[in-house]
Enquirer: 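Have a look at the structure that comes next, please.
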There are 2 protein chains.
Amino acid sequence: MAKMIDVARLAGVSVATVSRVLAGSAHVSRETREKVLRAMADLDYKPNLLARNLRKMESKTIVVVIPDISNPFFSDVIRGIQHVAKEHGYHVLLGDTQNDVDAEWDFIEMIKERAADGVILVTARTSPEKIMEMAQEVPLVMACEYIQGAELPMVTIDNVISAKRVVDHLAALGHRRIGFIAGPLHVIISRDRLQGFVLGLREHGLEQDSSLIVEGDFSIPSGYDQAVRLLQLPEPPTAIFASNDEMAIGAVKAVKQMGLKVPQDVAVVGFDDIPMATVIEPALTTICQPKFEIGKKAMEILLQLIQQSNRSHGHLKLPEKLIVRDSCGGRLKG
Amino acid sequence: MAKMIDVARLAGVSVATVSRVLAGSAHVSRETREKVLRAMADLDYKPNLLARNLRKMESKTIVVVIPDISNPFFSDVIRGIQHVAKEHGYHVLLGDTQNDVDAEWDFIEMIKERAADGVILVTARTSPEKIMEMAQEVPLVMACEYIQGAELPMVTIDNVISAKRVVDHLAALGHRRIGFIAGPLHVIISRDRLQGFVLGLREHGLEQDSSLIVEGDFSIPSGYDQAVRLLQLPEPPTAIFASNDEMAIGAVKAVKQMGLKVPQDVAVVGFDDIPMATVIEPALTTICQPKFEIGKKAMEILLQLIQQSNRSHGHLKLPEKLIVRDSCGGRLKG
DNA sequence: CAAATAGGTGTAATCGATTTCAAAGGAGTC
DNA sequence: GACTCCTTTGAAATCGATTACACCTATTTG
């Protein structure tokens, strides 16, 4: 493998000049530049990034920490991140934690070893305090998840408003008793969605029956189980709003299994708009997070952070979209 | 950030000794080792990987090139790769090509820049010749996809045998007219599955009607369209075997839309066993590739390749599994 | 015409680790 | 006591780029 000094010798110049040509910048005469470029081509020269990285003390790599790549929700976020990363010559290291807190921490530590220049957290199992502390020392951006009141860059949607919009929609369709399957309530976005739900009920003057609010764990089976609980109430709801699409899919299964029809007997709404939402029957009405955009934005902010570490960024909220499909009858009736 | 020389000074030894302690190896007295370890702890010393990598001329990083991370099929493969990578101190760089041939090539080139020590291709849009040529120069393993007759390490299942097993199953259930939706036939694994299908027909003495063989592009809509074509034949098949789960899901939709029932009127079988296969109704009978295992094995072979580049590896075929669910009635009848 | 300025280039230091080579010290052997 | 051998340690070279600094030439300016 040819190195810079070989190019320099062949072109009859010094390594400094070769480096200058490589950097594109600075003062190099057209003549010299061409000589050097020809020599590089002749030798099929590729700069050694290991050497460059050491000298510049950067890795041109960022880590994306996600709880589970199998979850389709994250792939679009990653694509958004990679899109911007590529444009700026950055590589993306995959930090799949498999929901393991220690693994999460290991990936963040990589920055201290200079294996990465920054990190995007698309999860937050580690304690908020530790994350906030870490954000002081290394370029760190949170995406999708966030920490309440934290002074670090975060890119999400407004989960409260989004959930409220779902209630608006259901209320407009004439639903008065709406069941809510919350996500695990120790997660902030679950609490936000619950809050938006309650806010919506209040605003539309709908019943606030605490037996209509149940808690799942974001999985399909838990959606199924909790929907069964709701449907077995003495006065079952006419609509079920699940805090993510997986649980909504479970809920649809439960409704069907009890001999009822979606959306005629029970309307179902999800949250996130994963690919499966369009495949199941009926296709799921849901909130679509701008996943790709979130990834892009998070990466853009991270780049700013890497370039000048003092810039202050707060909580950025991107607009979500209500996607009306077939599972709550909105498209048919309205 | 403390560096090695700081540790050395604090411990009253030379950097060589610190490095030896770090490497864990060699001859260092217990006393000295403890002094050094204490100094490292006191200073919260983290070795600078950039420097180490340059000196050792390795990046401890591998690239996984995949056509599209949104495709759930790949996430398990990646998880398998990462599992082994992590055990051996390697990082995994994400090479999502978005089905772009040039991007595929860019990622492979990263090895020449020493940004990665090896590459696992979970796709193969680039020409076979170029890949084989590249495999001479850099550690490269193919997973899931392969090149016929190539002398490079490849980890896949046996697509011919797998497809034949599906026909075995359908024949055992009494089906005589079986429709086949092939994948794009310029892809080798599509041709293999077709070959296995034909082999199965022949072995069981079933009709070989060329109008029963159609070609899709692995997408849900194409599965739908091709299934419609099959069902509109004067003598429609009683079973449809799609070359992947997405197309099978499209086929199920088509069957339902034509007022027929799965599996009573038409049995449907898929291939790959993606997560969605268990969610749709009826749950899909399909071939389950050992995705995680494929990833693990591919990474293990890559590590051997990196450590001693001369070892010769051929085409490794891992066992697949036929997963019988509800979409072909096998579970109910048999 | 001398001085200042700017462009173009080379020399050598530098990034922070690993590793070769040599040497010091101690134990064991005859 | 002289020799070898082994363990432990340090000094210095090394990996391949980037870049601060110095230098030379040519042009502009007062």
Side-chain angles (χ1 to χ4, degrees), chain A residues 1-40 43-61 89 91 110-117 307, chain B residues 1-40 43-61 89 91 110-117 307:
Chain A
M1 205 63 196
K3 33 195 204 174
M4 188 171 271
I5 193 161
D6 301 321
V7 176
R9 267 201 271 269
L10 182 60
V13 298
S14 74
V15 288
T17 302
V18 177
S19 179
R20 279 189 272 256
V21 170
L22 217 49
S25 75
H27 320 282
V28 181
S29 72
R30 158 195 297 279
E31 214 180 350
T32 311
R33 181 193 315 284
E34 280 170 3
K35 263 194 311 191
V36 171
L37 287 174
R38 207 164 323 121
M40 294 202 303
L43 294 170
D44 189 29
Y45 169 75
K46 299 253 187 303
N48 184 318
L49 295 186
L50 262 28
R52 173 184 298 173
N53 290 347
L54 171 61
R55 180 58 229 243
K56 300 183 112 176
M57 208 46 79
E58 65 179 12
S59 61
K60 281 283 182 177
T61 298
H91 295 143
M110 282 176 49
I111 299 183
K112 295 212 170 158
E113 299 175 331
R114 321 230 79 137
D117 298 340
Q307 278 152 23
Chain B
M1 205 63 194
K3 34 193 201 175
M4 188 172 271
I5 195 160
D6 300 321
V7 176
R9 267 202 271 268
L10 182 61
V13 298
S14 74
V15 288
T17 302
V18 178
S19 179
R20 278 188 273 256
V21 171
L22 217 48
S25 75
H27 318 284
V28 181
S29 73
R30 157 193 300 279
E31 214 179 354
T32 311
R33 179 191 318 284
E34 281 170 1
K35 262 193 312 191
V36 172
L37 288 175
R38 209 167 320 123
M40 293 202 305
L43 294 171
D44 189 28
Y45 170 74
K46 300 251 186 305
N48 184 319
L49 295 185
L50 262 28
R52 174 183 297 172
N53 290 346
L54 170 61
R55 180 56 229 240
K56 299 182 112 176
M57 207 47 77
E58 65 179 12
S59 61
K60 281 282 181 178
T61 298
H91 296 143
M110 283 176 48
I111 298 183
K112 295 211 170 158
E113 299 175 330
R114 319 232 83 134
D117 299 340
Q307 277 151 24

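Just so it is clear, the values below take in all heavy atoms, side chains as well, and ignore hydrogens, waters and symmetry mates. A note on names: the letters A, B, ... follow the listed sequences, proteins ahead of strands, and every chain is numbered from 1.
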Enquirer: Note the angle between the end axes of the helix from dC1(C)-dG30(D) to dC30(C)-dG1(D), five pairs defining each, rounded to 10 degrees.
Expert: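 Rounded value for the end-axis angle: 50°.
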Enquirer: Going through the distances and angles, do K35(B) and E31(B) end up as a salt bridge (charged side-chain N to carboxylate O under 4.0 Å, His left out)?
Expert: CA-CA 6 Å; K35(B) 262 193 312 191; E31(B) 214 179 354; over 6 Å; no
Enquirer: So do K60(B) and R52(B) actually touch side chain to side chain, heavy atoms under 4.5 Å?
Expert: no
Enquirer: Rounded to whole angstrom units, what separation is found between the NZ atom of K35(B) and the C1' atom of dT8(D)?
Expert: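 From K35(B) NZ to dT8(D) C1': 11 Å.
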Enquirer: R33(A) CZ to dG7(C) C1': how many Å, rounded?
Expert: 13 Å
Enquirer: Please list, chain by chain and in numerical order, all residues satisfying side chain to side chain donor-acceptor pair (under 3.5 Å) with K112(B), sequence neighbours excluded.
Expert: E137(B)
Enquirer: Are any of the side-chain heavy atoms of Y45(B) and L22(B) separated by less than 4.5 Å?
Expert: yes
Enquirer: At under 4.0 Å between heavy atoms, how does the protein contact nucleotides 16-22 of chain C? Give one character per nucleotide, 5' to 3', with B, S or -.
Expert: BBBB---
Enquirer: How close or far is atom P of dG25(C) from atom CD of E31(B), stated in whole angstroms?
Expert: 16 Å
Enquirer: Side chain to side chain contact (heavy atoms under 4.5 Å, CB included), that's the test. Do N48(A) and M57(B) meet it? Break it down for me.
Expert: CA-CA 9 Å; N48(A) 184 318; M57(B) 207 47 77; 3.3 Å; yes
Enquirer: Expressed as a whole number of angstroms, how long is the span from E113(A):CD to dC15(C):P?
Expert: 20 Å
Enquirer: What is the separation between atom CG on L49(B) and atom C1' on dC15(D), rounded to the nearest whole Å?
Expert: 16 Å
Enquirer: I'd like to know if the side chain of N53(A) reaches the main chain of L50(A), judged simply by a donor and an acceptor atom lying under 3.5 Å from each other, with no hydrogens or angles considered.
Expert: no
